[in-house]
S.K.: 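Below are the structure tokens for one structure; questions will follow.
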Amino acid sequence: MDYIQLKEELHRIANDVAGDVSIYATTPDGVIAIHEDEVKRSASILKVPVAMACLAAADRGEIDLDSLLKIEEPVGGSGVLAYLSGMEQITLRNALTLSIIVSDNTAANLVIEHVGIERIQNFFKHVGVTHSQLTRKFMDYDALAQGLENVATARDMVRFLACLNPASDILSLTSKQQLKTIMRDQQLIDKLPAFQPIFDETLIIGNKTGTLPGVEHDIAYFENGEKRIDIAVLTTNWEDNHDGQQTLAQIGKVIIKYLRTAFTISNV
């Protein structure tokens, strides 16, 4: 599968499904953009730039990743901390990890509280995103009732993923490697990485999902040798969330086919 075929297939998938699909992808051959600036409720995909803001602050020596945080206000939804007994504190580093690999809302809120929303918002500005914003903690229904909502666009989310690229100077090399590893260890892999071959060590995928009623998102980096794709797929208006999950899985399958084909051809 070449770039033109990939582009055509992503447009076909986006146009043929019942939900509203936004895609932004940077590939070795060019950019693919479909409703890339459409603002959507972000769900949990913003936990990645929150983690980046935390790591950037650690790079500057402003915070210590080994600081102990008290677990005082656990919240429900995804994650594990709210459902464990006897857990009174956790390191910032472990909270950051849990916020990504199991999308732990309590852990993410601990990171937000320690880093500070103002510092996180300043990080967003530094990266240059234009529409995405974090205005409240996760599962904060009081803030939501006041009209505060976390939102994102596909283009903005790929701008964040680009911070993990070797050429970016937003994060240190250590922080890049740390977050890439955390995303690679993701436990929620039923969307973009769903068709990743289990024993193919040449194909690396790191991702972060987001889910709300009628909402299914995923952002990911795909690497095959020196070939890399950063992609954000934000989807809404699903009558059945399972349909959204399957759509994301099919998009990931196409990305994998393109990367493996391009890699094979380039090495013949």
Side-chain angles (χ1 to χ4, degrees), residues 42-60 62-69 71 77-82 84 87 89-115 119-120 123-124 127 132 134 137-138 150 152 156-166 168-194 196 198 201 203-211 217-224 228-233 248 252:
S42 65
S44 290
I45 56 174
L46 282 188
K47 291 172 183 173
V48 167
V50 167
M52 289 179 173
C54 177
L55 292 169
D59 288 339
R60 297 190 298 269
E62 297 172 359
I63 59 176
D64 182 357
L65 293 177
D66 294 316
S67 298
L68 285 173
L69 311 180
I71 304 172
S78 58
V80 298
L81 288 182
L84 300 179
M87 289 288 293
Q89 57 185 11
I90 186 174
T91 65
L92 177 59
R93 188 188 308 274
N94 286 339
L96 186 153
T97 299
L98 286 178
S99 75
I100 302 297
I101 66 172
V102 291
S103 200
D104 195 296
N105 289 321
T106 299
N109 286 348
L110 288 172
V111 176
I112 292 171
E113 183 174 343
H114 192 77
V115 177
R119 187 186 272 139
I120 293 169
F123 177 79
F124 280 34
V127 172
S132 302
L134 180 92
K137 294 180 180 179
F138 296 94
N150 298 331
D156 282 349
M157 296 313 300
V158 170
R159 283 196 177 104
F160 286 123
L161 290 175
C163 295
L164 300 176
N165 290 339
S168 173
D169 60 0
I170 299 293
L171 298 173
S172 69
L173 177 60
T174 298
S175 290
K176 290 178 190 177
Q177 292 175 334
Q178 181 174 348
L179 187 52
K180 286 185 68 177
T181 299
I182 292 171
M183 293 178 68
R184 183 179 180 179
D185 291 339
Q186 173 64 247
Q187 303 296 294
L188 307 176
I189 55 174
D190 60 340
K191 298 181 188 178
L192 287 175
Q196 181 178 19
I198 296 176
E201 296 183 358
L203 177 63
I204 298 172
I205 304 175
N207 75 298
K208 177 71 195 78
T209 62
T211 299
H217 303 329
D218 204 358
I219 64 172
Y221 69 84
F222 290 70
E223 293 180 346
N224 196 355
R228 176 184 170 111
I229 290 180
D230 289 333
I231 183 170
V233 184
L248 282 156

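These numbers come from the heavy atoms of this one structure, side chains and all, not from hydrogens, waters or symmetry mates. One-based numbering along the sequence shown.
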S.K.: Spell out, as yes or no, whether a donor-acceptor pair under 3.5 Å connects the side chain of Lys176 to the backbone of Pro166.
M.R.: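 The answer is yes, because a donor-acceptor pair under 3.5 Å joins these two groups.
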S.K.: Looking at side-chain heavy atoms only, is the closest gap between Ile231 and Phe222 below 4.5 Å?
M.R.: yes
S.K.: Is Lys47 reaching over with its side chain to a backbone N or O of Ser103, donor-acceptor style, under 3.5 angstrom?
M.R.: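 Here the side-chain-to-backbone pair exists.
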S.K.: Have a look at Ile90 and tell me which of Thr97, Leu98, Leu68 forms a side-chain contact (heavy atoms from CB on, under 4.5 Å) with it.
M.R.: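 The side-chain contact (heavy atoms from CB on, under 4.5 Å) with Ile90 is passed solely by Leu98 among Thr97, Leu98, Leu68.
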S.K.: Can you pull the salt bridge (Lys or Arg N to Asp or Glu O under 4.0 Å) pairs that have at least one residue in residues 98-115, sequence neighbours excluded?
M.R.: Glu113-Lys137
S.K.: Does one side chain, of Thr106 or Asn109, offer a donor that lies under 3.5 Å from an acceptor on the other?
M.R.: no
S.K.: Test side chain to side chain contact (heavy atoms under 4.5 Å, CB included) on Phe123 and Ile170; report intermediate values, then the result.
M.R.: CA-CA 9 Å; Phe123 177 79; Ile170 299 293; 3.5 Å; yes
S.K.: In Å and rounded to the nearest 0.5 Å, what is the CD1 to CG distance from Ile219 to Asp156?
M.R.: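 Reported to 0.5 Å precision, the distance equals 11.0 Å.
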S.K.: Distance check, rounded to the nearest 0.5 Å: Asp190 atom CG versus Thr209 atom OG1?
M.R.: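 The CG atom of Asp190 sits 7.0 Å away from the OG1 atom of Thr209.
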S.K.: Using modelled atom types only, decide if a donor and an acceptor are shared between the side chain of Ser67 and the backbone of Asp64 within a distance under 3.5 Å.
M.R.: yes
S.K.: So, for Ala152 and Leu46, which heavy atoms are closest and what is the spacing to 0.1 Å?
M.R.: CB-CD2, 4.3 Å
S.K.: Out of curiosity, Thr91 OG1 to Leu96 CG, how far, rounded to the nearest 0.5 Å?
M.R.: 9.5 Å
S.K.: Measure the spacing between CG of Leu81 and CE of Met87 and express it to the nearest 0.5 Å.
M.R.: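 It is 5.5 Å, given to the nearest 0.5 Å.
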S.K.: Find out whether Leu179 and Met52 are in side-chain contact, i.e. whether some heavy atom of one side chain is under 4.5 Å from a heavy atom of the other.
M.R.: yes
S.K.: Heavy-atom distance under 4.5 Å between the side chains of Lys191 and His217, does that happen here?
M.R.: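 Heavy-atom side-chain distance check fails, nothing below 4.5 Å.
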S.K.: Let me confirm one number: the CG-CD1 distance from Leu203 to Ile198, rounded to the nearest 0.5 Å.
M.R.: 12.5 Å
S.K.: So which atom in Ala58 and which in Leu65 form the shortest heavy-atom distance, rounded to 0.1 Å?
M.R.: CB-CG, 3.9 Å
S.K.: Given side chains that start at C-beta, do those of Gln178 and Arg93 come closer than 4.5 Å, heavy atoms only?
M.R.: yes
S.K.: Tell me, do Lys180 and Glu223 make a side-chain contact under 4.5 Å, heavy atoms counted?
M.R.: yes
S.K.: Thr181 side chain to Gln177 main-chain N or O, any donor-acceptor pair under 3.5 Å?
M.R.: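 Answer holds: yes.
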S.K.: What I'd like to find out is whether the side chain of Cys54 reaches to under 4.5 Å of the side chain of Ile63, using heavy atoms alone.
M.R.: yes
S.K.: Between Asp185 and Ile182, is there a side-chain heavy-atom distance shorter than 4.5 Å?
M.R.: no
S.K.: Just by distance, do the side chain of Gln186 and the backbone of Ile100 share a donor-acceptor pair under 3.5 Å?
M.R.: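 Looks like yes, one N/O pair under 3.5 Å.
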S.K.: Distance from Asp169 atom CG to Asp59 atom CG, nearest 0.5 Å?
M.R.: 11.0 Å
S.K.: Do Ser42 side-chain atoms and Ile45 backbone N/O form a donor-acceptor pair below 3.5 Å?
M.R.: no
S.K.: Val50 versus Val111: any side-chain heavy-atom pair under 4.5 Å?
M.R.: yes
S.K.: What are the two closest heavy atoms between Ser99 and Ala107, and how far apart are they?
M.R.: N-CB, 4.0 Å
